[in-house]
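Worksheet for the structure shown next.
Just so we're clear, the structure is a prediction, and the values are computed from it rather than from any experiment.
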Amino acid sequence: MRLGRLRRRVAAAVTLPFVLRRSGLLWPGSPARMAHQLIALQRWGTTLAGSFIVAAVRDPDRAAIIDEFGTLSYAEVDARTTRLAIALGAGIDTEDGPPHVALLCRNHRGMVESLIACGKLGADTVLLNTGLATEQLLTILAEQEIDVLIADAEFEPLLVAAPGSIRKLTADGLDDLLAATPDEPLRPPERPGRTIVLSSGTTGSPKGAERPTRPGLRPFAAVASRIPLRARDTILIEAPLFHTWGYAGLQLALALRATIVLNRRYEAESTLAAIERHGCSVLIAVPVMLQRLLELPVDQYDLTTLRVAAASGSTLPGGLATGFMEAFGDVLYNLYGSTEASWVSIATPEDLRDRASTAGRPPRGTRLAILGEDGSPVPPGAQGHIYADNEMLFDGYTSGEPREGRDGMLSLGDIGHLDPQGRLFVEGRGDDMVISGGENIFPGEVEDVIARLPEVREVAVLGVPDARFGQRLAAYVVVRAGEHLDRDAVRDCVRQRFARFAVPRDVHFIEALPRTPTGKIVRSTLLSLTAAASTS
């Protein structure tokens with residue numbers, strides 16, 4: 001083991017008792033329940049299923065899930081997921097390996113229960129992106145050699161098109177399956193099943209990234225050292241559970257024995273109503289969701305219980321951090337990471353008040369470095385490639401594709417810099433950098449300037465082909481309802497901040513930016529608009 005990694009693990013181990021005590025997880029309980037809790041932890045480990053079982057032993061009567069169907073306690077979900085695990089394993093020959101289960105579900109109890117049941121069974125679980133096309137999903141089912149497909153009823157086209165060799169279950173109809181399944185004891189699997197999260201697929205075919213199966217408590221302590229999470233919080237998870245950030249939110253919630261509140265689909269009004277109705281203390285979301293909240297009269301809701309709004313999945317648009325904290329208070333925490341690396345840095349409200357564009361600092365147990373083209377560290381303020389190492393790095397792509405890294409660190413694929421205080425700033429994807437007439441431009445910097453115009457609801461800036469300069473910038477602008485903005489005003493605001501070559505020559509006004517379910521912009525759709533305009 002490298003000396004640097006050993007030092008980080010020692011530092012994380014030293015931090016662990018303090019964080020557990022501060023979060024309330026070390027508070028004493030019934031001696032009998034604590035003994036059973038330790039036994040369950042020893043038997044099942046710190047897998048997702050293990051974390052749930054430990055929570056159910058300690059707080060069986062506590063509400064575990066609140067969704068559109070009502071409330072389920074930890075004891076109820078424990079019994080239901082045991083029966084579901086038995087039902088999923090029935091008739092599957094495991095001599096050649098564990099069952100392979102694919103989940104295509106939105107945020108509701110069926111998704112959470114399926115994840116826990118797969119963990120109890122020891123199945124390899126593939127989380128399917130609800131935004132993918134049927135043909136893409138069929139390809140993934142074949143590549144991952146899926147035995148069982150659990151999908152919401154709305155995805156009937158996939159259920160119909162999937163090969164007959166795959167057992168198909170509707171997530172909305174699991175109650176019937178559970179009623180027909182006997183309640184029997186279940187032993188821990190011989191080996192923990194893998195959880196495979198797909199990349200977004202916005203720049204190519206989605207890739208399966210295998211998450212660590214037994215993360216332990218140190219990763220939880222790393223996040224909780226920067227974010228004030230507490231035992232028995234009530235956590236509203238709006239980020240999709242199939243996404244790395246939504247899945248991580250579920251892991252954190254189970255470690256905290258929290259009550260998990262879910263909305264099947266994201267609607268800003270439903271989010272505010274859920275916070276008020278259930279007294280939610282934590283919100284797990286992606287940035288575009290927070291943006292939508294600010295478009296509502298938030299002062300008409302009682303949001304005094306909200307202590308943490310944690311966002312990840314994409315860059316905070318210009319002005320969002322300040323605007324959100326003005327409306328909700330200093331509750332915003334911004335996490336930077338990726339499907340492959342989970343969280344790499346965390347910005348606290350204090351960080352964001354000082355520099356709203358920062359991605360924060362790495363938590364304990366994470367090594368972060370900005371490296372030049374030759375692999376050497378660059379000084380503070382200088383741009384370079386972002387690399388990181390922590391205990392939550394993915395175990396590899398299911399395709400066998402190698403990970404890009406240096407000195408034990410994984411490349412995030414982004415360009416950024418550190419300031420003298422050690423805070424990270426992300427300029428953008430390395431492959432998004434635009435070279436126009438020999439000048440390097442990061443579109444995100446131009447996006448931030450345009451986004452601050454009061455008439456702009458949202459904006460994306462991309463590089464498009466140019467016969468003379470190689471590339472040029474194109475801006476795709478969504479104007480707020482009732483507002484008016486012209487192309488010259490957009491260009492002028494950029495011209496005041498940047499050199500001429502950074503001013504978008506193309507400005508397209510559109511009704512909405514095309515986004516994936518996790519809020520990422522589908523760039524290929526926008527590029528087709530420019531292509532269509534140039535041929536018309």
Those residues that, when tested against [X], pass ring-ring contact (aromatic ring centres under 6.0 Å, His included) (two or more places apart):
X: Y336; value: none
X: F442; value: none
X: F425; value: H417

Residue list, salt bridge (Lys or Arg N to Asp or Glu O under 4.0 Å) with [X], at least two apart or on another chain:
X: D233; value: R307
X: E427; value: none
X: R230; value: none

Under 3.5 Å donor-acceptor, [X] side chain and [Y] backbone:
X: T139; Y: E135; result: yes
X: D67; Y: R109; result: yes
X: T305; Y: S281; result: no
X: D152; Y: E154; result: no
X: R457; Y: V478; result: no
X: N334; Y: A359; result: no

Any heavy-atom pair between the side chains of [Y] and [X] that's under 4.5 Å?
X: D124; Y: P98; result: yes
X: V344; Y: S338; result: no
X: F155; Y: R106; result: yes
X: Y247; Y: L115; result: yes
X: L174; Y: S114; result: yes
X: L128; Y: L149; result: yes
X: L316; Y: P287; result: yes
X: I53; Y: K120; result: yes

List the residues meeting side-chain contact (heavy atoms from CB on, under 4.5 Å) with [X], not counting sequence neighbours, and say none if there are none.
X: V54; result: Q37, A40, L41
X: A224; result: V19, F220
X: A133; result: Q136

Working to the nearest 0.5 angstrom, can you tell me the gap between [X] [atom1] and [Y] [atom2]?
X: T195; Y: L103; atom1: OG1; atom2: CG; result: 9.0 Å
X: S345; Y: L335; atom1: OG; atom2: CG; result: 7.5 Å
X: T82; Y: L186; atom1: OG1; atom2: CG; result: 5.5 Å
X: I166; Y: L141; atom1: CD1; atom2: CG; result: 4.5 Å
X: N129; Y: L198; atom1: CG; atom2: CG; result: 7.0 Å
X: L177; Y: L169; atom1: CG; atom2: CG; result: 6.0 Å

Enumerate, atom names and distances included, each donor-acceptor pair closer than 3.5 Å involving a side-chain atom of residues 236-243, sequence neighbours excluded.
from, atom 1, to, atom 2, distance (Å)
E238, OE2, N263, ND2, 2.9
E238, OE2, T271, OG1, 2.6
H243, ND1, W245, N, 3.2

Subject >> Inter- and intrachain pairs under side-chain hydrogen bond (donor to acceptor under 3.5 Å, both in side chains), touching residues 165-175, at least two apart >> reply: R80-D175, D172-R264
I need the minimum non-hydrogen distance between [X] and [Y], along with the two atoms involved.
X: R62; Y: A258; value: NE-C, 4.1 Å
X: C105; Y: T130; value: O-CG2, 3.8 Å
X: A171; Y: H108; value: CB-CE1, 3.9 Å
X: A253; Y: I260; value: CB-CG1, 3.8 Å
X: A285; Y: L290; value: CB-CD2, 4.0 Å
X: E113; Y: T81; value: O-CG2, 3.5 Å

Original post:
For atom CD of E295, is the number of surrounding heavy atoms from other residues, nucleotides or ligands below 6.0 Å larger than 12?
Top reply: yes
**OP:** Evaluate whether atom CD of E68 has more than 12 neighbouring non-hydrogen atoms of other residues, nucleotides or ligands under 6.0 angstrom away.
**Re:** yes
Original post:
Do any pairs count as a ring-ring contact (aromatic ring centres under 6.0 Å, His included) and have a residue in residues 66-91, sequence neighbours left out, and if so which ones?
Top reply: F52-Y74
Subject >> Residue from I65, L127, I150 passing side-chain contact (heavy atoms from CB on, under 4.5 Å) with M111 >> reply: L127
Subject >> Aromatic plane relationship, Y387 with H385 - under 30° parallel, 30 to 60° tilted, over 60° perpendicular >> reply: perpendicular
**OP:** Tell me, with the steps shown, if R226 and W343 meet side-chain contact (heavy atoms from CB on, under 4.5 Å).
**Re:** CA-CA 12 Å; R226 301 279 288 163; W343 45 81; over 6 Å; no
**OP:** Might you work through the side-chain contact (heavy atoms from CB on, under 4.5 Å) test for L104 and L132, ending with a clear yes or no?
**Re:** CA-CA 10 Å; L104 183 62; L132 296 179; over 6 Å; no
**OP:** Evaluate the criterion side-chain contact (heavy atoms from CB on, under 4.5 Å) for residue pair L320 and L332; output intermediate values, then yes/no.
**Re:** CA-CA 10 Å; L320 175 59; L332 180 60; 5.7 Å; no
Original post:
Is there a side-chain contact (heavy atoms from CB on, under 4.5 Å) between L293 and F324 once you walk through the steps?
Top reply: CA-CA 9 Å; L293 295 181; F324 189 87; 4.2 Å; yes
